[in-house]
Amino acid sequence: MLLKALKTVSIALPALLFAPWAASFTYDTDSQAAKAIVAAKEAVDAKQWNKLPTLAAQTQGDVLQVYADYWVAERAVQSAKNVFDVPVADAFLQRYNGTYMADKLRAQWVIAADESGAFNKIRDLGEFVWYNREVRCAKLEARHMTGQRATSEEAMADFQPGKACWAMLDQFVADGVMKRDDLVTLLQDSLERNQTKTADRVATLLFDGKTLGRYRAMMSSPANWLKQYQGKATGDDGLLVSIALVRLGRDSPTAAARELEGKWGARLSEADAGWAWSQLAFQAALDHEARADTWYQRAGNTRLSEGGYAWRVRAALRQPIIKWDWVQTAIEWMPPPQRLEIDWQYWLARSLAAQGKTEQAQAIYQEISDEFHFYGQLALEELGQSIVAPPAPSPVTEAELDEARDNPHLQQAVALFRLGLRREAVPQWNFGLRGLNDRQLLAAAEFAREQHIYDRVLSTSERTQEQVDFSQRFIAPFEGQVTAQAKSINVDPAWVYGLIRQESRFVMDARSVVGASGLMQLMPATAKYVARKIGMNDFSPSQVNDFDVNTRLGTHYLRMVLEDLDGSQVLASAGYNAGPGRPVQWRKTLGRPVEGAIFAETIPFSETREYVKHVLSNATYYAAIFTGEPQSLKARLGEISPR
C-alpha cells in the first residue's frame, strides 16, 4: 500500500522503488494541485493571464506542474517586447528539456520570433519534435535568411495559408526562390478548392498591378469578362482565360465546355487548355457525370492537384464500360509518391489483371496484401485467400508493463485524461511513444487499456511494425452489452463495432464539431427522432452520452438506415455519416451495377469515402475476431445497383 501511495504522489521517485511490484499509475483529481491545473487552463482560455503565476505555484510537485509552468512561460513569450530576452521561458526550457511542453514552447517562440523577424533566435532554438505547417514555414524562412538558401520544392511542401507561411512566401518571391510556375500552381490549386481569398493573395504575388486588376474583374464576372476579352490568350492572358472558363464551368459546365472546345481551344496553350479541361472534369466527376472521363482524357497529361489525379482514376472507374488500359495510364501519370499509395497500387493491379497481365498484377497484390487496410484486405482476396486475424504476439510481461507505467510522458497524459483535458492529453501521449519499439508500444497500449483509455489502446497498437496484436488494434470494450443490443434488433455486431471504432474510437463522451455525441456519435435531432420511433418516452438530450442510451439509439438508427437502403452495409455506412439521402442520390448516377469497392472509392465526400472504407474494413476484422472464421470483405461490400 505504501508503494501505491508513493506512486500516486509523484513521478520523480526512483524507479527502483516500483520495480517489479509497481501498481498502475493513479492520479488524484481532487487534490489542490489538480484543481489548480484545471483553474489555470480555464484562466488561459479566458485570457486571465494575471491568475497564472499564483495557480502555477499551487501545482508544485504534481505530475502536471509542467503544464502550469508552460502556460506562464508561453504568455511571457507572447507578450515579450524582445524575443531574445525572455528569462521565464529560458528557465522553463532548462528545467523541462526533453518534455513535450518544452518542445511546444520552442514552437511558440519560433512563431513569436518570426513575427519580429528575429531569424537568428529561430535558428538558436534548434530542432524539436512538435511542428505544424506554420512552424515549418517560420523555420524554413529563418534558415533561408541566415545563410542556407531554401528551395521552391521545400516551400511548396510546407505552404498552407497562415501568417508565417505568407511571410515566407513573400520573402521567397522577393528573393527569386519562388518562380512563376510555382505561383501558378498555388493559384490553380487554390481555385480548384474554391479558396478564392487564398487565390487572390497568390495573385498579388504573381501579377503586376494592371493584370491583377483584370484578374479581379474576371473573378467578379467570368462570363462577361470572356465576352469582352480581345487579346491573344497567351502568357498571363492565357492563364486568365483558362481561369475564367473554369469559373464559368462552376455554374454552367456545358457552356464552359462549348466555349473551350470552340472559340478558345485553338487559342490557348496546351497547358492552359489542359488545365481548364481537367477542372471541368473535376467538377463533373464530383457530380458523378459520365462526361468527366472524356474531359479528363481531353486534358491529357497536364499537371493536376493530388485530388485531380485521384478523381481522374475514379471517373474512369465509374464508366459504364471500364477502359482498364486508361485506368492504368491515369495511375501511371500520378507523381511517384501518390502512385505508390496502397489505394492506387490496388487499382493498378486490377487494371493489369483485367488486361491479362496476371504476373504483374499478382506481384502488386502480394506486395500490399500484408497491409491491415481496406485495400490490403481486397488484395488478399485477389490472391485467393480469406481474411483472418493474425496470430497474437507473446503477451506483454509485467516488467514491460511496469516500464510503460513508469514512462513520465504517458503518466502526464493519463493525468490529463483524468482531468478531462483530452485536447492536451492526446498529443502528450503521442509524444511519449516516440522511439518505442514494438514490444514497448504493445506495453503502452496495455497501460492505456488498464486505464480504460480505449482510443489510445488502438492508436498506440497501430504503430507496431512486426508484432501485431488485434486484441488491441480491434479492441472491443463492452462487447457483451453491444453485441446483445445489436443482435436483439438483427444488426451485425461486427459492423456496429466497426462503425463505433471509426466514429468515436470508443471515447464515451466524444463530441464532434457539428454536435454529434457519444460512442455512436448521434446528432441531437437524430437521437430525439429515434427515441420517439422506438417508444423511449423518457428520453432527454442529456442522456445521449449514457452508454446504454447511446448504443440503443445508435443501433436502432443504424437498423433504420440499413432497411431503407436495401440492406447494403456500404450504403448504410455512407448514410450514417453523410445522411441517408446522399447515398440514394449517388447510386442514381450509376450507369450500371458496380462492385462495392468502386462505389466506396467514388464517394464524392472525402470524409465519407474514407469513413465507409474504414468501417467496412473494421467490420471484417471484428467478424473474424468474434467468429473465429475466415471472412470476405468483397462479400460484405457486395454490389451496388443504380436503383
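Quantities reported herein were computed from a predicted structural model and do not represent experimental measurements.
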According to side-chain hydrogen bond (donor to acceptor under 3.5 Å, both in side chains), who are the partners of Asn577, at least two apart in sequence or on a separate chain? Glu607, Thr608
Just say parallel, tilted or perpendicular for the rings of Phe478 and Phe547, cut-offs at 30° and 60°. tilted
Let me confirm one number: the CD-CD1 distance from Gln32 to Ile37, rounded to the nearest 0.5 Å. 11.5 Å
What distance separates Tyr576 OH from Trp495 CH2, expressed to the nearest 0.5 Å? 9.5 Å
Using only atom types and a distance under 3.5 Å, with no angle test, would you say the side chain of Asp438 pairs donor to acceptor with the backbone of Gln467? yes
Show me the pairs that pass salt bridge (charged side-chain N to carboxylate O under 4.0 Å, His left out) and involve residues 89-108, at least two apart or across chains. Asp69-Arg95
Using modelled atom types and a 3.5 Å cut-off, is there a donor and acceptor pairing between side-chain atoms of Thr397 and backbone atoms of Glu400? yes
Trace of the salt bridge (Lys or Arg N to Asp or Glu O under 4.0 Å) decision for Arg405 with Glu446: CA-CA 10 Å; Arg405 291 165 173 164; Glu446 284 305 318; over 6 Å; no
Please tell me if the side chains of Gln345 and Leu340 come closer than 4.5 Å, counting only heavy atoms from C-beta onward. yes
Would you please test Ser461 and Leu442 for side chain to side chain contact (heavy atoms under 4.5 Å, CB included) and show each step? CA-CA 6 Å; Ser461 192; Leu442 292 175; 4.0 Å; yes
Is there a side-chain contact between Val110 and Phe128, using heavy atoms and a 4.5 Å cut-off? yes
So, Gln440 side chain and Asn437 main chain: donor-acceptor pair closer than 3.5 Å or not? yes
Would you say the side chains of Thr620 and Gln631 form a donor-acceptor pair under 3.5 Å? no
Could you walk me through whether Tyr346 and Tyr375 satisfy the ring pair (Phe, Tyr, Trp, His ring centres under 6.0 Å) test, starting with their C-alpha distance in whole Å, then the side-chain angles of each, then the deciding distance to 0.1 Å, before giving a yes or no? CA-CA 6 Å; Tyr346 172 79; Tyr375 284 116; 5.0 Å; yes
Output for pair (Ser24 OG, Leu401 CG), nearest 0.5 Å, gives 7.0 Å
So CG of Leu64 and CG of Leu421: to nearest 0.5 Å the spacing works out to 8.0 Å
Report the residues that fulfil side-chain hydrogen bond (donor to acceptor under 3.5 Å, both in side chains) with Lys487, sequence neighbours left out, ordered by chain and then residue number. none
Under 3.5 Å, side chain of Glu134 to main-chain N/O of Lys163, donor-acceptor pair present? yes
Pairing residues for Asp114 by the side-chain hydrogen bond (donor to acceptor under 3.5 Å, both in side chains) criterion, not counting sequence neighbours: none
For the pair Thr59 (side chain) and Ala56 (backbone), establish whether a donor and an acceptor sit closer than 3.5 Å, ignoring hydrogens and angles. yes
Backbone of Arg463 reached by a side-chain donor or acceptor of Gln465 within 3.5 Å: yes
Gln60 and Gln65 side chains, donor-acceptor separation under 3.5 Å: yes
Between Asn545 and Gly518 (side chain of the first, backbone of the second, donor and acceptor by atom type, cut-off under 3.5 Å), is there such a pair? yes
Any donor-acceptor pair under 3.5 Å from Thr526 side chain to Leu522 backbone: no
Tell me the salt bridge (charged side-chain N to carboxylate O under 4.0 Å, His left out) pairs involving residues 549-558, sequence neighbours left out? none
Can Arg449 and Gln472 be counted as having a side-chain donor-acceptor contact under 3.5 angstrom? no
Side chain proximity check, Glu503 to Met520, heavy atoms < 4.5 angstrom: no
With side chain to side chain donor-acceptor pair (under 3.5 Å) as the rule and sequence neighbours excluded, what pairs involving residues 414-436 come up? Tyr67-Gln428, Gln412-Gln428, Arg418-Gln451, Arg422-Asp455, Trp429-Thr460, Asn430-Arg456
Looking only at the side chains, is there a donor atom on one of Arg473 and Thr464 sitting less than 3.5 Å from an acceptor on the other? yes
Pairs in or reaching into residues 612-629: which pass salt bridge (charged side-chain N to carboxylate O under 4.0 Å, His left out), with residues at least two apart or in two chains? Asp343-Lys613, Glu601-Lys613, Glu610-Lys613
In short, Ile111 meets Ala164 closest at the heavy-atom pair CD1-CB, 4.4 Å
Between CZ of Phe431 and CH2 of Trp130, what distance do you get to the nearest 0.5 Å? 12.0 Å
Can you list everything that forms a ring pair (Phe, Tyr, Trp, His ring centres under 6.0 Å) with His144? Sequence neighbours excluded, please. Phe172
side-chain hydrogen bond (donor to acceptor under 3.5 Å, both in side chains) involving Trp71 - partner list, sequence neighbours excluded: none
Are Ile603 and Tyr611 packed together at the side-chain level, in the sense that at least one heavy-atom pair is separated by less than 4.5 angstrom? no
Measuring only between side-chain heavy atoms, which start at C-beta, is Leu410 closer than 4.5 Å to Leu433? yes
Identify the heavy atoms of Ser617 and Leu633 that sit nearest to each other, and give their distance. N-CD1, 4.3 Å
Among residues at least two apart in sequence or on other chains, which ones pass ring pair (Phe, Tyr, Trp, His ring centres under 6.0 Å) with Phe374? none
Set out, in order, the CA-CA distance, both residues' side-chain angles and the distance that settles side-chain hydrogen bond (donor to acceptor under 3.5 Å, both in side chains) for Thr551 and Gln485, then state yes or no. CA-CA 8 Å; Thr551 52; Gln485 173 60 42; 5.8 Å; no
Report yes if some heavy atom in the side chain of Tyr96 is under 4.5 Å from a heavy atom in the side chain of Met101; otherwise report no. no
Would you find a donor on one side and an acceptor on the other, under 3.5 Å apart, between the side chain of Tyr497 and the backbone of Glu479? yes
Summary of salt bridge (charged side-chain N to carboxylate O under 4.0 Å, His left out) pairs that have at least one residue in residues 43-61, sequence neighbours excluded: Lys41-Asp45
Any chance you could lay out the side chain to side chain contact (heavy atoms under 4.5 Å, CB included) test for Asn132 and Val135, step after step, and finish with the verdict? CA-CA 5 Å; Asn132 59 23; Val135 173; 3.3 Å; yes
Do the side chain of Gln338 and the main chain of Glu306 share a donor and acceptor less than 3.5 angstrom apart? yes
Just wondering, are more than 12 heavy atoms of other shown residues or ligands nearer than 6.0 Å to CD in Glu462? yes
Are side-chain heavy atoms of Lys139 and Tyr131 found at a separation under 4.5 Å? yes
Taking C-beta and beyond as the side chain, do Leu637 and Leu378 meet within less than 4.5 Å on heavy atoms? yes
For Phe470, check ring pair (Phe, Tyr, Trp, His ring centres under 6.0 Å) against everything at least two apart and list the hits. Phe372, Phe474, Tyr621
Euclidean distance, Asn618 CG relative to Ile500 CD1, rounded to 0.5 Å: 11.0 Å
For side chain to side chain contact (heavy atoms under 4.5 Å, CB included), just list the numbers for Val66 and Tyr100, CA-CA rounded to whole Å, side-chain angles, deciding distance to a tenth of an Å, and then say yes or no. CA-CA 9 Å; Val66 60; Tyr100 168 61; over 6 Å; no
